[in-house]
Colleague: 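Input: one structure, supplied below.
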Amino acid sequence: MTKPKANDYRGDVKPIWCPGCGDHAVLTAVMRALAQLELPREKIAVASGIGCSSRFPAFLKTYGIHGIHGRVLPLATGIKLGSPETTVIAVGGDGDGFSIGGGHIPHAARRNVDLTYIVMDNSIYGMTKGQPSPTSPEGVVSRASPYGTQERPLNPLLMALSYDVSFIARCFSGKVREMTEIFVQALQHPGFSLIQVLSPCVTFYNTYGHYNEVTQPLPEGHDPGDRLSAIQLAMNTETQYLGIFYRDEDRPTYNQRFEAVQALAPETTLDAIFESLKR
Amino acid sequence: MTKPKANDYRGDVKPIWCPGCGDHAVLTAVMRALAQLELPREKIAVASGIGCSSRFPAFLKTYGIHGIHGRVLPLATGIKLGSPETTVIAVGGDGDGFSIGGGHIPHAARRNVDLTYIVMDNSIYGMTKGQPSPTSPEGVVSRASPYGTQERPLNPLLMALSYDVSFIARCFSGKVREMTEIFVQALQHPGFSLIQVLSPCVTFYNTYGHYNEVTQPLPEGHDPGDRLSAIQLAMNTETQYLGIFYRDEDRPTYNQRFEAVQALAPETTLDAIFESLKR
Amino acid sequence: MEQPDATVVVRIAGEGGEGTITLGDLFTRIAACSGLEIYSFRTYSAEIRGGQVMYQTRLGIDRVMTEGDEANVLVAMNQQAWIEEHEDLCKNAAIIHDAHVQVPNDSHQGFPIPAEAIAQELEWARGKNFVLLGALGWFFRLDLDVAADLVRQQMRHHPESLEKNLAALRRGYTFAQQTYPEPFPFALDLPDTVEERILLSGADAMALGALAAGCDFYAGYPITPATPTMESLARYLPAFGGKYVQVEDEMAAINMAIGASFAGRRALTATSGPGLSLMTEGLGLASMAEIPLVLINVQRAGPSTGLPTKTSQGDLFLSLYGGHGDAPRFVLAPDSVKDCYFKTIYAFSLAERYQMPVIVLSDQAMASRQATTPLPGEPWNGPLARLTPTPEELAGDYQRYAFTDTGLSPMTHPGVPGGMYLAESLEHNAYGYPDQTPGNHEQMMRKRARKVETAREMLADWRMTSRRWGDRGAPFGIMGWGSTRGAVREVTKRLQAQGIHVEAIYPHTLLPMPDQAIVDFLSTKRAILVPELNFSGQFGRMVEHRYYKELDERNVHIYQRKKEQGVPFKVREIYEATLEMIDEERKLWNKEHGEIARIFDTVQRLGEASGTFEKDGGHCD
Amino acid sequence: MEQPDATVVVRIAGEGGEGTITLGDLFTRIAACSGLEIYSFRTYSAEIRGGQVMYQTRLGIDRVMTEGDEANVLVAMNQQAWIEEHEDLCKNAAIIHDAHVQVPNDSHQGFPIPAEAIAQELEWARGKNFVLLGALGWFFRLDLDVAADLVRQQMRHHPESLEKNLAALRRGYTFAQQTYPEPFPFALDLPDTVEERILLSGADAMALGALAAGCDFYAGYPITPATPTMESLARYLPAFGGKYVQVEDEMAAINMAIGASFAGRRALTATSGPGLSLMTEGLGLASMAEIPLVLINVQRAGPSTGLPTKTSQGDLFLSLYGGHGDAPRFVLAPDSVKDCYFKTIYAFSLAERYQMPVIVLSDQAMASRQATTPLPGEPWNGPLARLTPTPEELAGDYQRYAFTDTGLSPMTHPGVPGGMYLAESLEHNAYGYPDQTPGNHEQMMRKRARKVETAREMLADWRMTSRRWGDRGAPFGIMGWGSTRGAVREVTKRLQAQGIHVEAIYPHTLLPMPDQAIVDFLSTKRAILVPELNFSGQFGRMVEHRYYKELDERNVHIYQRKKEQGVPFKVREIYEATLEMIDEERKLWNKEHGEIARIFDTVQRLGEASGTFEKDGGHCD
Ligand SMILES: Cc1ncc(C[n+]2csc(CCOP(=O)(O)OP(=O)(O)O)c2C)c(N)n1
Ligand SMILES: Cc1ncc(C[n+]2csc(CCOP(=O)(O)OP(=O)(O)O)c2C)c(N)n1
Ligand code: SF4
Ligand code: SF4
Ligand SMILES: [Mg+2]
Ligand SMILES: [Mg+2]
């Protein structure tokens, strides 16, 4: 096989995203990363929830599943456990991931199942036309918050760090090259990786300008093995650092754990079990 | 009225907990704290989810609601918003709070609604007879994990710190006096407070001995205003510090926010709205 | 144009991104302000922005009840509009189209407008839709000043583009005036006096109904097509001293509403199918702990994520039966925009008085439609309030869940001295404390179920339980529910005009069913048509089941007309199904009696005239 | 003691904390090992530890089908045991009680055993239950060595207390032997040969059925009474190369199972009512995206948290109708412990072959009962596998959701080259890509529904779709579902013995219903009794609805016998309800015909003899 090109992974369906939507860049970066890693298309499965960003799997020519709102992590976990040889990518939005689906992240982290979770965070509910999301800053005015939001935004990376996710990074749709590189590393990471992509919604909450100003690469010399320093950097909400905050490659993945369990479990058969139940 | 006694808050129903269960101590501490604060019983509402610990409200003579599994925070939030003068206490277990209900904590934190959330953490599912919980250490053997649990435990306080909960503390059922004092402070805290009580399940996972060894008061001079230092202390899982890790009293509560919104919203009446809809 | 029944269907189609919906919306408002009655409907595209969308508005001199079938006027913003819509036009329809859209001129009348060119000339490319709006204004002879005022008012939040849009509007108007001076074939005579009407959407009707019912708490999670109701409440509730929370998911929504209701508030949540599925567990809690709760479910096409922007009536079974164990509830079905207002009020009355969850079933079509409506009057006998304990009861041995003849027990809330109790999701005794003894469980089940029976008695008196119209006692009937009523209304009217006697009934409470009214209705019927917008015919199955004794006794035949395509019924579809039913009955009669009964004469005549009863669109015939 | 039908009901009651369940469980096992057939049932207390619990086991020489009604032997561990249970004893029942329990000796035979004193003497206070176990061993003349071996095996994880318990056992045996040397009135003759039987619980039957069906993925969240099935799978799945995950909630459970199934695994989840409510949304996804999934729902009494440890059949409607939109699924209802094994296998066959969710309805009573069962044979025609595309199909234009006559389309999974597709929760076209056009939606709805029809045809051939027994063609019938079958079986047997002809049918697929079998069954009936364990009579309502034409045509009357108390039917309750039905029919016949039909003779005789057909407990009469 010749080395694949990014376009080989492009699906037959044209993305339905608005022109300029940050998610286009994420799609490009994912296709490039897949090509760079030369992953066979049939060995890739992309799972998602519901939202603009969650339409993602339809735009790739791989296995895909467009599930229900907020359940992408259990869904993707099921795929990875069911088919350990498959590279599983979970994608979705900030609403899907941090609002209705927020309860699943700590448990994916506990399992350290080997999947790459890309959250396209636009700090808004794009699909349902512009309601505030858990990462919307305080005071955002919308039809659903006519007097401004009254809640403080969440800090997804700090949360991921507190869950001890084993690979944590932040990207920006304005920087496709850097994003591609991080995706490559995340895809290679053995375990659960969570990448927050600042991916503006040009239609309901255009933050390109803002992010161009406040984003900046992680300080040179940041050691991704140092969780406390990662926490400090994540706590900085003025500057939004881009790059790999944290990485721990030494933990067993969930599939490895299962191998150990299977080795531990005493061999048996159905007949043997019935035998043991005999009076 | 004479100063109330702890026993005045005791309900007509005898606790169904096993003798020695850590939750008895929590009940005592809550009753003492209520008495100390001289709160009128009809101005208290206690909400819970499902679990041994969640049977709590039945044992007090206050308003109570025993809801469904994992939903105690939305339920309690509804009560506090519906009746701002009521002191609202949310209670439950580690399964109820960190497993099925884990997705609600960050959002309660974002709102900073004025309620006191007591999690009786026994690192096990007591009610359903001993399955591992999200805080069970790795390798715990039970009928539901015959080859040992394969997941890393969560760190609830670190998580709460990452959500920026405005009052965060840890207690131990073995130390009722200290617990009472912390409950008093939590009940007085204007905003959302989360208290993890290490409350052993003597029947399925007795950890009294362990906690007697590994718990210890927070270092003298710890400044609860210092979030980073709180994080560092919470990251220590060898020593389980007891006390108030973090506290920020300067944030508006959710009810205060609503007052502001109500002041902001232009006055109107149903007739005026109909008028505005006329062609 | 003298007949008052005259209506015109105007359909506007184009890219979602190029202001198609804005054009439709503004045109509708201007027409309404000019004294016409209107009724609008819209489809959304699957795309987030852009994608083809369609806005249909029907104008009339008298009250309009549906968005109509074939369009008389098509405004084609792009080529796709022509391609997708031209099969749905009446003969000689007028096509108002951008000059670059290719329209074969054979069976239609073309009215090209160089909207894009004009907009470009004004250096305001986005103003294309306003050029067309201006042209529409001229064609319908609407007052340009009225139009400009409305644009000003509607666009007040976009001052930067207002003047440009106004210029485009005027240029469109003038261009059409100069190019097409002759009378427009579908223009309606504008009335001399503009009667008092409000322009109301189904979504807003529910929000306002909630306010009228004293709702002071809302918790919800965004979901199409329930979001507009939520957004209206976000805007208004604070001024009414109420609280509005956008929560993290549907479990939070229903549980927060339950908490607020427990605390004494009149609490509401609104959602659509997927959200209702997630709220099933919470519904059971409200039912078990006897906590009032109103849940608006705006149905969309399922299953699963399905067709999120399209309409359906597929959540009936879930609303009736969704929940483990037997968990009593009420289910209401408003059948028009105005009725959405009243049924929401009645829902609060039922929830509060009977301490139970109430589901109100709307749907995408009804929520997003706009209609001119007279100001709603006062609700009947309400809104009702909770039963509260007397001071004596509070001073004594207060039992929150006391067994009573009606099943209703007095309810308190935090803050009331002496009223402390435990609201329990476990089976409980009269005080609320857990009690798992066999006898107590069955007694409590009976108590909770009894409340529905108590309500049934009260409801028998209410105007709200069903709507019945047409020829009283006619042998043929139509029985439906919810948003399809407008189309059925038009069908019965048309049939009546043709001398065919038909009677229709729309129950407004589906749980409990208004049995008396329905049995009475069925008592004279030979056959009934049950039209509904779902795949399996849920309502028809329920009717068949519930009334099988009556149906069988009188040998009443049921004809189900099911449709699950994401779009509402066309009037024609129900009209045809009705005639087919009658025709089928004629054949049966014929076979049984060897002769043709007189009642079938007209149907046969109609059948022979049109073959398959086809094409009979509003203004076209 | 010659009649092979002889059975004895032993009820053991006491504090949960003092080893009551252990006592019951061990006694049951020892009796089984001694060659008796057994059938056990237990209730749990609401308390976490302690609280009054009850273990009932019925011993027989032939196969036993229910836990029985009135007890012949009561083992009263404490005073409360006597208070709560004495009304449920047959005349002259034997009361084996701790010496300090006060038992009025009027209508019963007391056998005091100073269990507590003996235990204290042994300095092993916790051994009280083993003293009583020893006494029971003597009373039933069970072999002490067999008993000791079994205790050794069961208690092998508690070596620290084993010897002490064995000592208590022996002391109890000797004490009883010395004190009560005469034959025990309720002892059964032990068979000479011990036939091959396994001792199986309903919960394990399902776990083993899953393994037999090739299940290799389980995701679930603990919930009473589904947890034991989950725990058995936790133990066994790894050895079968399968994966087991305890997840964070029920949404995760069903979605993780769906993911694994998408990846090619045979996936299972198990839950109970509240969990099923939460899984409703996921069920719709599996139905829409056509992903195989087996969901075991072990029913408990609702609504809401309800009575978590008590039995019910209240989730039928939720299983049939739970979901927004029309989402096809299968619903199976095993009716015995052994049947739990087979129905779980068939569930996988249906799920995999038809690419749909399958709900298997068990309940607390069936899951927690233990029964001696012959080794199950091979399942019929299965387990079936998925339809996969041919290499040609994969090489060509593979359509995952291709329209076919059967509705079934070939399915691939990650790893298969050329098989890449999108599994969609939105409405989609044959490739899986979103498609919201009206025509496609209706076609796809039809495709998905067609799969149920295809299955219906296949199922008509299956042994699995219903169980029918009794007097073929008898005018009176009993029709039920699920765990109540044992009691009905006993009733038909008893009636038969009394010369009353009754036939019974238990459908095993409730969706689709085995219409042919049921219509055939109904065709000879004059009246049927529908017993079920829920408040609103869900199954009866469904039967009434589905077969109203047949029922009405032949004027078949339905008598519903509903019970919602958290406990199973007593045989007597169904027996009486059946006789009452026949008696009612006799009166009707009498009125209509002015004479008594012969078929009613026996019933009348029985009725006159006993007044209200009361008291007719197993071994007592
Ligand atoms: C259970 C459920 N609740 C609500 C919805 C409606 N809904 C669809 S997408 C969405 C939010 C999308 O926001 P996000 O995840 O941030 O994605 P984005 O569109 O911004 O990319 C919501 C609330 C749904 N489909 N299902
Ligand atoms: C929706 C739902 N799923 C599962 C259950 C079963 N259940 C009851 S309590 C419980 C866990 C209790 O654990 P925890 O919250 O830690 O409380 P504890 O008993 O340990 O105090 C579970 C899983 C339920 N009642 N509802
Ligand atoms: S609405 Fe926003 S998030 Fe959605 S596609 Fe458009 S730009 Fe992207
Ligand atoms: S089982 Fe454990 S948690 Fe439950 S009451 Fe007993 S000791 Fe407490
Ligand atoms: Mg978003
Ligand atoms: Mg716990």
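Per chain, numbering begins at 1; letters A, B, ... match sequence-line order. All of these numbers come straight from a predicted model, not from anything done at the bench.
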Colleague: Please classify the contact of A/Ile50 with chain D as side chain, backbone, both or neither, using a heavy-atom distance under 4.5 Å.
Modeller: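 For A/Ile50, the contact with chain D is made by the side chain alone.
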Colleague: Say whether, by atom type as modelled, one donor and one acceptor occur between the side chain of A/Tyr63 and the main chain of D/Val416 under 3.5 angstrom.
Modeller: yes
Colleague: Answer with side chain, backbone, both or neither: which region of D/Tyr421 has an atom nearer than 4.5 Å to a non-hydrogen atom of chain A?
Modeller: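 For D/Tyr421, the contact with chain A is made by backbone and side chain together.
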Colleague: Need one label for A/Ile273: side chain, backbone, both or neither, based on atoms under 4.5 Å from any heavy atom in chain D.
Modeller: side chain
Colleague: Given that the side chain runs from C-beta out, which part of D/Ala257 has a heavy atom under 4.5 Å from chain A: side chain, backbone, both or neither?
Modeller: neither
Colleague: With a strict 4.5 Å heavy-atom criterion, list every residue of residues 103-112 of chain A that contacts chain D, or say none.
Modeller: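 A/Gly103, A/His104, A/His107, A/Arg111, listed by number.
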Colleague: Is it the case that D/Lys243 places NZ or CZ above or below the six-membered ring of A/Phe258, under 6.0 angstrom from the centre and within 45 degrees of the axis?
Modeller: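 Yes, D/Lys243 and A/Phe258 form such a contact.
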Colleague: Would the D/Tyr341 and A/Phe274 ring centres measure less than 6.0 Å apart?
Modeller: yes
Colleague: With a 4.5 angstrom heavy-atom cut-off, could you sort out which part of D/Ile291 is near chain A: side chain, backbone, both or neither?
Modeller: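 For D/Ile291, the side chain is the part near chain A, not the backbone.
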Colleague: At a 4.5 Å cut-off on heavy atoms, which part of D/Gln153 comes close to chain A: side chain, backbone, both, or neither?
Modeller: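 For D/Gln153, neither part sits under 4.5 Å from chain A.
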Colleague: Considering only heavy atoms, which portion of D/Ala212 lies under 4.5 Å from any heavy atom of chain A: side chain, backbone, both, or neither?
Modeller: both
Colleague: By a 4.5 Å heavy-atom criterion (distance strictly below it), what part of D/Ala219 contacts chain A: side chain, backbone, both, or neither?
Modeller: neither
Colleague: For D/Asp249, is it the side chain, the backbone, both, or neither that has a heavy atom closer than 4.5 Å to a heavy atom of chain A?
Modeller: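 Side chain of D/Asp249 only, per the 4.5 Å heavy-atom cut-off to chain A.
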Colleague: Please state whether the rings of A/Phe192 and A/Tyr117 are parallel, tilted or perpendicular, taking 30° and 60° as the class boundaries.
Modeller: parallel
